[in-house]
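These notes concern the structure reproduced below.
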Amino acid sequence: MFTVGIIGRPNVGKSTLFNRLAGKRLAIVDDMPGVTRDRIEFTTEWEGEKFRIVDTAGFDLKEELVKKEMQQQFYSALDEADYFILMADGTEGVHPLDEIVIDLLRHKNKPFQLVVNKVDSDSKEDFIYDFYRMGVEHIIAISASHGRNVDMLLDEIIKFIPEGHDTTDPYEGRIKIVVTGRPNVGKSSMINKWLGEERLIVTPIPGTTRDAVDTFFELDGDKYVLIDTAGIRKKKSMFKDKIEKYGYYRWKDAVERADISVCLIDAEEGITERDVKVIADTWEAGRPVILVVNKWDLIEDKDDAAKAFLKDVDYKLQFLNNPSMIFTSTITGKNIYKIFKAAKDLYIEASKRIGTHKLQQIIEEAVYRHQPPVVKNKRIKFYYITQVSILPPEFVVFVNYPDSVHFSYQRFLVNLVREYHGFSGVPVRVHLRKRGETKGENMRDEVKNS
């Protein structure tokens with residue numbers, strides 16, 4: 001698919017423009033330079049033409065560890081995109097870094113459009129004149145935050161899209177795997193090891209990843225989207241920092257759009273209270289969980305450690321159903337590809353659809369084993385059950401008095417669904433609804449993920 005990279009020095013509005021073109025807040029936007037660190041991508045459309053947009057880290061020449069890693073991402077994007085939007089800040093005029101970036105584009109012989117941002121009114125159009133000394137004939141003055149002249153920019157972009165180019169949605173037919181966990185447990189390192197390249201920024205500094213970053217990957221003929229996320233600390237701590245707070249909401253969005261969750265745990269630290277919270281939130285969102293114990297190469301007595309982990313899972317993660325646990329090392333590569341086999345198996349389970357006729361056996365068996373109680377001199381009657389969605393699998397049970405069905409009986413119904421139809425390792429959602437109600441009307445939903 002035709003790819004458009006948004007590049008420029010830090011804090012000129014690249015992420016604001018990215019969100020504007022995407023039509024949603026995908027990239028974190030803040031006045032502090034260097035907020036965007038990894039590449040973020042999204043497929044958008046204009047005048048019937050689909051293309052991919054990529055937000056990149058701001059080009060800088062500082063020597064800090066994270067800054068140097070960010071520049072590696074910038075150069076990778078420079079090689080991969082077909083067309084570029086070079087953004088500059090109209091309120092500051094031409095900056096030496098602007099001239100360096102434009103020279104890099106010319107050296108690569110890449111087509112680009114120079115865009116002067118923060119021109120939010122006709123009275124500020126004079127801002128662009130200084131930029132003509134960069135040797136560019138056509139400059140577009142925009143305001144990314146207000147949307148001013150963004151349509152003009154889009155018109156310019158689609159002129160460069162070749163006829164008959166591939167418009168296949170790269171997400172179609174892919175299993176979306178979100179990689180999550182506490183800070184510094186090796187999430188970005190794991191994805192880079194899978195890819196065989198330094199695609200994501202990896203440093204010893206916790207919290208390096210802030211946005212949720214998507215990467216496409218194929219293994220043994222199967223296609224995946226790998227979603228790297230910010231490390232999740234206590235919400236109270238994260239909400240003290242504005243950027244970390246954004247990162248938390250990006251994490252929630254990433255989990256909700258994923259199919260499978262890979263939760264990394266530090267082998268040396270064991271399953272902590274924070275691990276339990278992250279895993280519980282992921283399971284509650286309806287995502288099957290693969291437990292990945294990383295840094296296994298650092299453990300000496302592996303047999304005893306493995307037994308301790310399994311015992312901990314039984315005690316601390318009782319809410320999970322038959323979870324997969326894989327012991328890995330991103331340093332040695334041990335077992336890292338076993339994760340995809342587990343993910344594929346869970347995806348198949350979570351995608352199963354059961355016919356209403358087969359499900360009706362569950363109601364019959366439930367009533368046979370445990371007669372529903374009498375409420376208000378009337379016995380509770382279960383009429384029928386039907387599956388309404390997959391990923392996660394959701395079922396609706398129609399009953400005469402849904403508010404009177406005890407939680408334990410709902411749990412019993414869930415267990416029967418598993419007994420008859422599997423769904424091993426997958427959260428199952430069950431709703432109770434009165435016969436004749438429309439979806440969402442007075443629906444009781446006490447058993448969400450069991």
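All of these numbers come straight from a predicted model, not from anything done at the bench.
- Close placement of the Tyr409 and Phe382 rings is indicated, their centers lying within 6.0 Å of each other.
- The 12-atom threshold is not exceeded at CG of Asp303, counting heavy atoms of other residues, nucleotides or ligands nearer than 6.0 Å.
- The distance from the CG atom of Asp304 to the CG atom of Asp301 is 4.0 Å, given to the nearest 0.5 Å.
- Residues Ala366 and Leu413 approach most closely at CB-CD2, 3.7 Å, considering heavy atoms.
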Run the salt bridge (charged side-chain N to carboxylate O under 4.0 Å, His left out) check on Glu269 and Arg182 step by step: do they pass?
-> CA-CA 11 Å; Glu269 297 182 20; Arg182 295 184 291 111; 3.1 Å; yes
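- For the residue pair Asp228 / Ser188, a side-chain donor-acceptor distance below 3.5 Å is found, with atom types taken as modelled.
- Distance check, rounded to the nearest 0.5 Å: CG of Leu346 to NZ of Lys341 gives 10.0 Å.
- The ring pair (Phe, Tyr, Trp, His ring centres under 6.0 Å) test with Tyr224 is passed by exactly one of Phe340, Phe216, Trp194: Phe340.
- To the nearest 0.5 Å, the span separating CG on Leu105 from NZ on Lys110 amounts to 9.0 Å.
- One finds the CG atom of Leu320 at 10.0 Å from the CD atom of Gln318 (value rounded to the nearest 0.5 Å).
- Using a 3.5 Å distance cut-off with no hydrogens or angles, the side chains of Asp155 and Trp46 do pair a donor with an acceptor.
- Distance alone, capped at 3.5 Å, is enough to place a donor-acceptor pair between the Asn400 side chain and the Arg379 backbone.
- Summarising the geometry, atom OG belonging to Ser324 is positioned 6.0 Å from atom CD1 belonging to Ile290; distances are rounded to the nearest 0.5 Å.
- Classification of the Phe217-Tyr337 ring pair by plane angle, with boundaries at 30° and 60°, yields parallel.
- Thr44 places a side-chain N or O within donor-acceptor distance of the main-chain N or O of Leu21, the cut-off being under 3.5 Å.
- With no hydrogens or angles considered, a side-chain donor-acceptor pair links Asp275 and Thr272 at under 3.5 Å.
- Of all heavy-atom pairs spanning Arg20 and His146, the tightest one is NH2-C, 3.4 Å.
- For the pair Phe412 and His370, the tightest heavy-atom approach, listed with the atom from each and the gap, is CZ-CD2, 3.4 Å.
- Of the possible donor and acceptor atoms, one in the side chain of Asn117 sits under 3.5 Å from a partner among the backbone N and O of Val12.
- Between Pro392 and Gly286, the shortest heavy-atom distance links the atoms CB-O, 3.3 Å.
- In terms of heavy atoms, Ile227 sits closest to Ile191 at C-CD1, 4.2 Å.
- Judged purely by distance below 3.5 Å, without hydrogens or angles, the side chains of Thr282 and Arg287 never pair a donor atom with an acceptor atom.
- The residues Lys358 and Glu364 are annotated as not salt-bridged, no charged nitrogen and carboxylate oxygen being separated by less than 4.0 angstrom.
- Although no hydrogens or angles enter the test, the distance criterion places a donor-acceptor pair under 3.5 Å between the side chain of Gln387 and the main chain of Ile354.
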Between Ser15 and Asp55, is a side-chain hydrogen bond (donor to acceptor under 3.5 Å, both in side chains) present by the stated rule, with each step listed?
-> CA-CA 6 Å; Ser15 294; Asp55 186 24; 2.7 Å; yes
Should Arg369 and Glu365 be marked as a salt bridge (charged side-chain N to carboxylate O under 4.0 Å, His left out) after you check the CA-CA gap, both sets of side-chain angles, and the distance that decides it?
-> CA-CA 6 Å; Arg369 293 191 194 180; Glu365 184 68 17; 2.7 Å; yes
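- Judged purely by atom type and a 3.5 angstrom limit, Gln113 has no side-chain atom pairing as donor or acceptor with the backbone of Leu154.
- Among all heavy-atom pairs drawn from Pro323 and Val313, the shortest one is CG-CG1, 3.9 Å.
- The shortest distance between side-chain heavy atoms of Ile177 and Val225 does not fall below 4.5 Å.
- Counting only distance, with no hydrogens or angles, the side chain of Asp259 and the backbone of Lys176 share a donor-acceptor pair below 3.5 Å.
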Check against side-chain hydrogen bond (donor to acceptor under 3.5 Å, both in side chains), Asp297 and Thr332 = CA-CA 7 Å; Asp297 56 299; Thr332 67; 5.5 Å; no
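- Environment of CD in Glu172: sparse, with no more than 12 heavy atoms of neighbouring residues, nucleotides or ligands closer than 6.0 Å.
- To the nearest 0.5 Å, the span separating CD on Glu268 from NZ on Lys295 amounts to 7.0 Å.
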List the steps, then state whether side-chain hydrogen bond (donor to acceptor under 3.5 Å, both in side chains) holds for Thr356 with Thr386.
-> CA-CA 5 Å; Thr356 300; Thr386 186; 3.2 Å; yes
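- Taking the centre and axis of the six-membered ring of Phe327, the NZ or CZ atom of Lys334 falls outside the cone set by 45° and 6.0 Å.
- Without hydrogens or angle criteria, Arg418 side chain to Phe423 main chain gives a donor-acceptor distance under 3.5 Å.
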